[in-house]
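Source: prediction; values computed, not measured.
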Amino acid sequence: MGVLNVTPDSFSDGGLFFDAPTAVEAGLRMATEGADWIDVGGESTRPGAGSITIEEELRRVLPVIEALAASGLRVSCDTRKPEVAREALRAGASMLNDVGGLRDPAMIEVAAEAQCQVAIMHMLGEPASMQAQPHYDDAVSEVADYLVRQAAKAEAGGVKRESIWIDPGIGFGKNLRHNLLLLKHLDNLVETGYPVLIGASRKSFLGRILGKQDNPLTSDQRLEGTLAAHVLAQTRGAKMIRAHDVLAARRAIDVAHAILEAE
């Protein structure tokens with residue numbers, strides 16, 4: 001899944017694809033590099049980010065979704081707003097990637113009505129405050145329990161089980177240890193039976209591992225760490241990897257797949 005942020009302020013690529021023609025070109029390139037899905041987002045959810053209006057988010061994402069879908073690509077819309085989700089599906093998206101984890105019941109209604117695929121992500125709190133000393137008694141079990149509960153609500157609301165993905169939300173209300181434990185014990189999520197989506201690409205915890213706590217590597221210096229996290233998640237059973245660097249991710253995943261499937 002290629003990450004396409006049509007935003008001025010996302011943590012890694014904010015501003016790079018802010019105008020629609022540039023964003024469409026980037027999405028098409030990601031597809032040639034090996035992306036199976038293009039995930040279009042119009043509102044930054046980086047730590048400390050504020051929200052934008054429905055109108056502004058629609059203005060950003062709809063032209064991009066329409067153009068990419070018209071080119072025959074599978075498009076996901078990264079949004080927490082049911083109003084945006086509904087219009088994105090009408091524009092040609094076929095997956096909703098809800099970093100809010102379907103907290104808003106209206107998101108379930110939209111997904112059930114469209115019979116689209118849905119990615120449910122775990123986030124502790126809200127983007128503006130989620131990294132303010134996040135606490136869990138047991139991060140792995142608490143995240144898994146939440147995702148299973150939300151998936152059950154989606155099914156009860158009319159979303160088909162086979163259309164549901166779950167995502168532990170690496171970096172969303174988690175500290176370094178939480179992120180490492182969730183990746184190490186990813187098999188706990190896989191055992192739920194829902195396909196697992198992982199978004200660890202360029203996340204700040206990688207910068208802290210590779211650099212120093214008081215001087216972490218910047219987002220564009222985290223490729224090697226990102227690929228290590230991707231491949232480890234794949235060996236633990238992840239079915240989809242969300243990546244900024246699509247070509248590098250595709251190559252790493254393909255090599256890992258060849259090794260894992262060798263007989």
Side-chain angles (χ1 to χ4, degrees), residues 1 11 45-49 78 80 96-105 107-108 111 118-157 159 161-214 216 222 225-243 256 260:
M1 176 179 276
F11 84 95
T45 50
R46 62 176 173 77
D78 176 353
R80 295 183 291 161
L96 297 180
N97 182 14
D98 184 5
V99 300
L102 300 183
R103 295 179 197 173
D104 188 337
M107 287 293 281
I108 296 176
V118 182
I120 307 170
M121 196 196 80
H122 176 277
M123 174 170 57
L124 186 67
E126 298 292 330
S129 59
M130 64 186 178
Q131 290 306 110
Q133 298 182 323
H135 171 78
Y136 302 85
D137 293 324
D138 183 334
V140 175
S141 63
E142 289 174 44
V143 169
D145 289 348
Y146 172 85
L147 292 172
V148 169
R149 286 197 306 271
Q150 295 305 99
K153 289 180 182 178
E155 289 185 59
V159 180
R161 182 183 177 89
E162 58 267 28
S163 298
I164 297 173
W165 297 74
I166 57 174
D167 178 350
I170 301 298
F172 284 81
K174 284 95 177 172
N175 61 26
L176 173 59
R177 179 173 176 271
H178 299 147
N179 291 321
L180 295 177
L181 288 173
L182 285 164
L183 288 170
K184 181 178 180 178
H185 299 290
L186 199 62
D187 51 325
N188 286 36
L189 290 182
V190 173
E191 289 170 1
T192 67
Y194 296 101
V196 176
L197 166 65
I198 286 293
S201 182
R202 301 186 185 179
K203 293 291 176 72
S204 61
F205 82 100
L206 299 170
R208 285 192 287 275
I209 295 171
L210 298 172
K212 297 179 180 179
Q213 287 290 333
D214 58 348
R222 302 170 188 166
T226 291
L227 297 179
H230 285 169
V231 170
L232 181 63
Q234 182 182 6
T235 65
R236 292 289 196 270
K239 294 298 184 184
M240 181 125 66
I241 301 295
R242 191 173 181 272
L260 291 169

On a heavy-atom basis, which atom in [X] and which in [Y] lie closest, and how many Å separate them?
X      : Y      : answer
Ile164 : Glu155 : CD1-CG, 3.6 Å
Ala233 : Ile241 : CB-CD1, 4.2 Å
Asp138 : Glu142 : N-OE2, 2.7 Å
Ala256 : Val231 : CB-CG1, 3.8 Å
Ala200 : Ala229 : CB-CB, 4.1 Å
Tyr146 : Met121 : CE2-O, 4.2 Å

request  = Quick one: list whatever passes salt bridge (Lys or Arg N to Asp or Glu O under 4.0 Å) with Arg149, sequence neighbours left out.
outcome  =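 Scan of Arg149 (salt bridge (Lys or Arg N to Asp or Glu O under 4.0 Å), adjacent residues dropped) gives none.
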
ask   = Are Lys203 and Asn179 close enough, and set up right, to give a side chain to side chain contact (heavy atoms under 4.5 Å, CB included), and what steps lead you there?
value = CA-CA 10 Å; Lys203 293 291 176 72; Asn179 291 321; over 6 Å; no

key: Name of the residue among Leu197, Leu96, Asp167, Leu102 meeting side chain to side chain contact (heavy atoms under 4.5 Å, CB included) with Ile120   =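 Of the listed options, the one satisfying the test is Leu102.
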
request  = Can you spot which of Leu124, Leu181, Leu182 makes a side chain to side chain contact (heavy atoms under 4.5 Å, CB included) with Tyr136?
outcome  =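 Of the listed residues Leu124, Leu181, Leu182, the side chain to side chain contact (heavy atoms under 4.5 Å, CB included) partner of Tyr136 is Leu124.
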
Tell me whether [X] contacts the main-chain N or O of [Y] through its side chain, where contact means a donor paired with an acceptor under 3.5 Å.
X      : Y      : result
Asn175 : His178 : yes
Ser163 : Val159 : no
Arg222 : Arg202 : yes
Gln234 : His230 : no

inquiry  = Within the 4.5 Å heavy-atom criterion, are Ile198 and Pro168 side-chain neighbours or not?
reply    =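 Yes. Closest side-chain heavy atoms under 4.5 Å.
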
key: Flag side-chain contact, heavy atom, 4.5 Å: Leu147 against Thr192   =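 Leu147 does not reach Thr192 side chain to side chain.
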
Rounded to the nearest 0.5 Å, what separation is found between the [atom1] atom of [X] and the [atom2] atom of [Y]?
X      : Y      : atom1 : atom2 : value
Leu186 : Glu191 : CG    : CD    : 10.5 Å
Arg236 : Leu189 : CZ    : CG    : 12.5 Å
Arg80  : Met107 : CZ    : CE    : 10.0 Å

Aromatic ring proximity Phe172/His122, centre distance under 6.0 Å =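 Judged by ring-centre distance (under 6.0 Å), Phe172 and His122 do not meet the cut-off.
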
ask   = Does the pair Phe205 and Lys174 meet the rule for a side chain to side chain contact (heavy atoms under 4.5 Å, CB included), with working shown?
value = CA-CA 9 Å; Phe205 82 100; Lys174 284 95 177 172; over 6 Å; no

message = For the CZ atom on Arg177, are there more than 12 heavy atoms of other groups (residues, nucleotides or ligands in this structure) within a distance under 6.0 Å?
response =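 No - once you tally the heavy atoms of other residues, nucleotides and ligands closer than 6.0 Å, there are 12 at most.
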
key: side chain to side chain contact (heavy atoms under 4.5 Å, CB included) evaluation trace for Val118 with Ile108   = CA-CA 9 Å; Val118 182; Ile108 296 176; over 6 Å; no

